[in-house]
> 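Supplied in structure tokens, the structure appears directly below.
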Amino acid sequence: MTMRPDFQFETQGEGCLVYPTHGGAGPHWVTPRGVAFAPGEGGLPDFRLALLRAPGPFARTSARLDLRLEATYDLAGAGERLGVPVSLLAPLLPSSGYLRLSLPLSGAGLSETLSVPLAWNGLGRARVTWRLSAEAGAVLRGALTGGTLALAANVVLALRGVAARGPGQVTFDPQALVRALSGVRDERGRTTYEALQAFIREPWDGRPWRWRSQGAGDPAPWAALLDRCLARFARLALPEGGDLSPALTFDEPPPGEMTWRLDDVTETWRPVALEWRPLDVLRAGGLDPDRLVTLTTAPPVPLGFVGLEAVGNLPGGRVNVPQVGVHIMVPPRPPARPQPVQTTLVLEPPRDTAGTTLRLAPGEPLTYTARPYLLLSSLAGSRPTTRVLTGPPLTGTGETLELGVAELPAQFYPLAAEPALLERAVLTGTVVWTEGDGEHHVPVRLERARPEVCVAVPVAAEPSLRLRAESPTGGAPLDLPALDVGERLVTLWHLPGFGAQTVRFVWVPTGDAPGLDVEVEPEAGGPPTHLHLRRDRPEAEWSYVVDDPFRPRYRSRVLPDGAWSPFLSPLDTREVTLALPYPDPTEEVSA
């Protein structure tokens, strides 16, 4: 059961866009309104500036910025603007993106710029590390401790959903189409999403595609075509300073001719650009800068001692990964150093960092081989097993080694439940995969105290996920439909019975009765509804909204003095057949 936002229908929220779920059975998805520091240890923002001074005849100072950021959403504001409760909304998590941060230096026009892809952990958070010069580190520290520097960052994100649809089909030469799209430029000479929207909205006469409409007068389905072009040919580009519109680059398409139907269901992505002022956030919080900055003076050591730090951009809440680390090996360098240097760094959560000092030959450049590994735990039947998985070797030359999920020998599946769901239920379940002749499984549990978990499985495994929801206030447990393990966020809409339900009542007239009156009410309470059925209109539909999925049922009775039927589930019984004389309530239902 995969729920995707439908880009066919777009509503403007307060500083965001809102999309319904494709197919209707799901929440409205709200796009990010901004980014912020993810929460770190001790209630602090996850921001660390480390300054290291190494004294001696070759004294030097280095700096490293380490932060985690997350997408932010205003679900309450979007709900108020749309007139819907927050429980019907869900955050649309980014799938990829870029961050550009430029730090001005003391010289006129000088700056130091970070421009990196954002490797999201699957739950809307990404880690960024930046090795700064000594001057840039001093500028940033001064800005934190009382400066007035206004530091602005550009963030562009890709959001996945179902492409807009339209009538007809288009036929084109993909190379000519991509040449036309990549030639569209804004006033700064960049191919931006807004410029492409304006280009493709113009009349299609003379364009490098042929549109075959389904009927005269059909409007040109520009959104459907643009969504498919992004899905097939385009990628986000690195942002530049002051970019307020996401820029795109295009892959080289194959030769030949293509035909696309514009009314099919196609997955695509759309970009969003955000501006972030990280220093404003830190200053506004009234935080002590000394809690965000570490100053370290390295002891005087013989030449040849080199520091190495491993930094992991990994999802938190890893339930079956007791250890993640990396084996470091510096090959021998005879005659000054005939033996290899070997060590192991273990990434300790929640920071997922580890450091060491390597003893090399004086003046030796740092070059090493890094082999990531992890311990993977699971249950093989009822027997606990733990084994070591080792990834391919990496070559490193810098004093910071960054490890993401792509470098580790496992697939990571983060899973989170929205707060509105965990206010009503606790989720328990199992991730299962088959390996060799045996089945492995990992139990998971999501609750208020732990709303996020992450399960790792071998790279070649094809896992499945089953979840059950239990109400802390009672009620029968609910088995959720089979979930795609790539579906990161579980919402109330995943619970069977949540949301709008419709039941049809059908009267089979007998005798000469002119009509039938029926009273129906939901299990969760509320005023009953009165339905009147006539011979010429013997059917009526009744709709109600289930806010408590553990109490989704309804019951009915024939007026004036018929007995109430048993409570019935709308998932099993969506049609009730009635007849006169008044039937026994246990016999009046047909599924």
Side-chain angles (χ1 to χ4, degrees), residues 2-38 69-99 118 120 123-126 152-165 192-194 196-198 201 222-224 226-227 230 236 239 243-246 267-277 280-281 416-421 423 487-494 498-500 545 547:
T2 301
M3 294 185 291
R4 293 288 190 191
D6 191 344
F7 292 152
Q8 175 82 12
F9 308 101
E10 180 178 283
T11 302
Q12 180 69 49
E14 188 67 33
C16 63
L17 298 172
V18 182
Y19 301 100
T21 294
H22 178 254
H28 282 68
W29 299 90
V30 181
T31 62
R33 190 173 182 179
V35 293
F37 292 110
L69 55 86
E70 64 181 7
T72 61
Y73 303 84
D74 183 12
L75 299 186
E80 182 177 353
R81 185 177 181 90
L82 297 175
V84 299
V86 175
S87 61
L88 303 183
L89 304 175
L92 179 51
L93 302 178
S95 59
S96 62
Y98 287 101
L99 167 70
L118 292 173
W120 298 96
L123 296 174
R125 292 179 184 162
N154 299 105
V155 180
V156 292
L157 307 175
L159 308 174
R160 302 203 69 83
V162 175
R165 278 85 60 203
T192 64
Y193 183 63
E194 279 76 4
L196 287 176
Q197 285 180 308
R201 276 189 173 115
W222 65 268
L226 183 56
D227 278 348
L230 263 61
L236 276 175
D243 269 357
L244 299 179
S245 177
E267 187 172 302
T268 186
W269 62 274
R270 286 187 180 180
V272 61
L274 304 168
E275 188 179 48
W276 182 35
R277 296 186 176 273
D280 293 356
V281 176
E418 64 169 348
L421 171 56
E423 289 176 2
E487 195 162 357
R488 311 298 195 198
L489 182 66
V490 184
T491 71
L492 279 167
W493 289 90
H494 287 91
F498 180 78
V545 175
D547 186 60

> Over all heavy atoms of both residues, which pair between V18 and A78 is shortest? Give the atoms and the distance, please.
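V18 and A78 have their closest heavy atoms at CG2-CB, 4.4 Å.
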> Measuring from atom OH of Y193 to atom CG of L236, what distance do you get when rounded to the nearest 0.5 angstrom?
11.0 Å
> Quick one: pull up OG in S96 and CH2 in W269 and give me the separation to the nearest 0.5 Å.
7.0 Å
> If you count every heavy atom of other residues, nucleotides or ligands that lies below 6.0 Å from Q12 atom CD, does the total exceed 12?
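For Q12, atom CD is crowded (more than 12 foreign heavy atoms under 6.0 Å).
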> For R488 and W120, run side chain to side chain contact (heavy atoms under 4.5 Å, CB included): C-alpha distance rounded to whole Å, both residues' side-chain angles, the deciding distance at 0.1 Å, then the answer.
CA-CA 12 Å; R488 311 298 195 198; W120 298 96; over 6 Å; no
> Any chance you could measure F7, atom CZ, to L226, atom CG, to the nearest 0.5 Å?
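Between atom CZ of F7 and atom CG of L226 there are 11.5 Å.
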> Going from CH2 on W493 to NE2 on H28, what distance comes out if it is rounded to the nearest 0.5 angstrom?
8.5 Å
> Please give me the minimum heavy-atom distance between A76 and V86, naming the atom from each residue.
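Nearest pair, atom of A76 first, then V86: CA-CG2, 3.8 Å.
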> For E275 and A152, work out which heavy atoms get closest and say how close.
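Shortest heavy-atom contact: OE2-CB, 4.0 Å.
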> Identify the heavy atoms of G15 and R33 that sit nearest to each other, and give their distance.
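Scanning both residues, the minimum pair turns out to be O-CG, 3.7 Å.
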> Are the charged groups of R165 and D227 less than 4.0 angstrom apart, N to O?
no
> Taking C-beta and beyond as the side chain, do Y73 and L93 meet within less than 4.5 Å on heavy atoms?
yes
> Would L118 and L157 count as a side chain to side chain contact (heavy atoms under 4.5 Å, CB included) if you check the C-alpha gap in whole Å, the side-chain angles of each, and the deciding distance to 0.1 Å?
CA-CA 9 Å; L118 292 173; L157 307 175; 4.3 Å; yes
> Using modelled atom types and a 3.5 Å cut-off, is there a donor and acceptor pairing between side-chain atoms of E418 and backbone atoms of L489?
no
> Do the side-chain N and O atoms of T21 and W29 include a donor-acceptor pair separated by under 3.5 angstrom?
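Yes, a side-chain donor-acceptor pair sits under 3.5 Å.
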> About how many Å separate CZ of R160 and CG of L92, when rounded to the nearest 0.5 Å?
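Here the rounded value is 11.0 Å.
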> Assess the residue pair M3 and H494 against the criterion (side chain to side chain contact (heavy atoms under 4.5 Å, CB included)); give the C-alpha distance rounded to whole Å, side-chain angles, the decisive distance to 0.1 Å, and a yes or no.
CA-CA 9 Å; M3 294 185 291; H494 287 91; 2.9 Å; yes
> In Å and rounded to the nearest 0.5 Å, what is the CG to CG distance from L82 to L88?
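Atom-to-atom, L82:CG and L88:CG are 10.5 Å apart.
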> Could you check L17, T31, L159, V156 and say which one makes a side-chain contact (heavy atoms from CB on, under 4.5 Å) with V272?
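Single side-chain contact (heavy atoms from CB on, under 4.5 Å) partner of V272 among L17, T31, L159, V156: L159.
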> Answer yes if the ring centres of F37 and W276 are under 6.0 angstrom apart, and no otherwise.
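Between F37 and W276, the centre distance is under 6.0 Å.
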> Nearest heavy-atom pair of P27 and A90: which atoms, and what distance?
CG-CB, 3.8 Å
> Can any side-chain N or O of Y98 pair as donor or acceptor with the backbone N or O of N154 at less than 3.5 Å?
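Answer holds: no.
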> For V30 and L89, what are the C-alpha separation, side-chain angles and deciding distance, and is it a side chain to side chain contact (heavy atoms under 4.5 Å, CB included)?
CA-CA 7 Å; V30 181; L89 304 175; 4.2 Å; yes
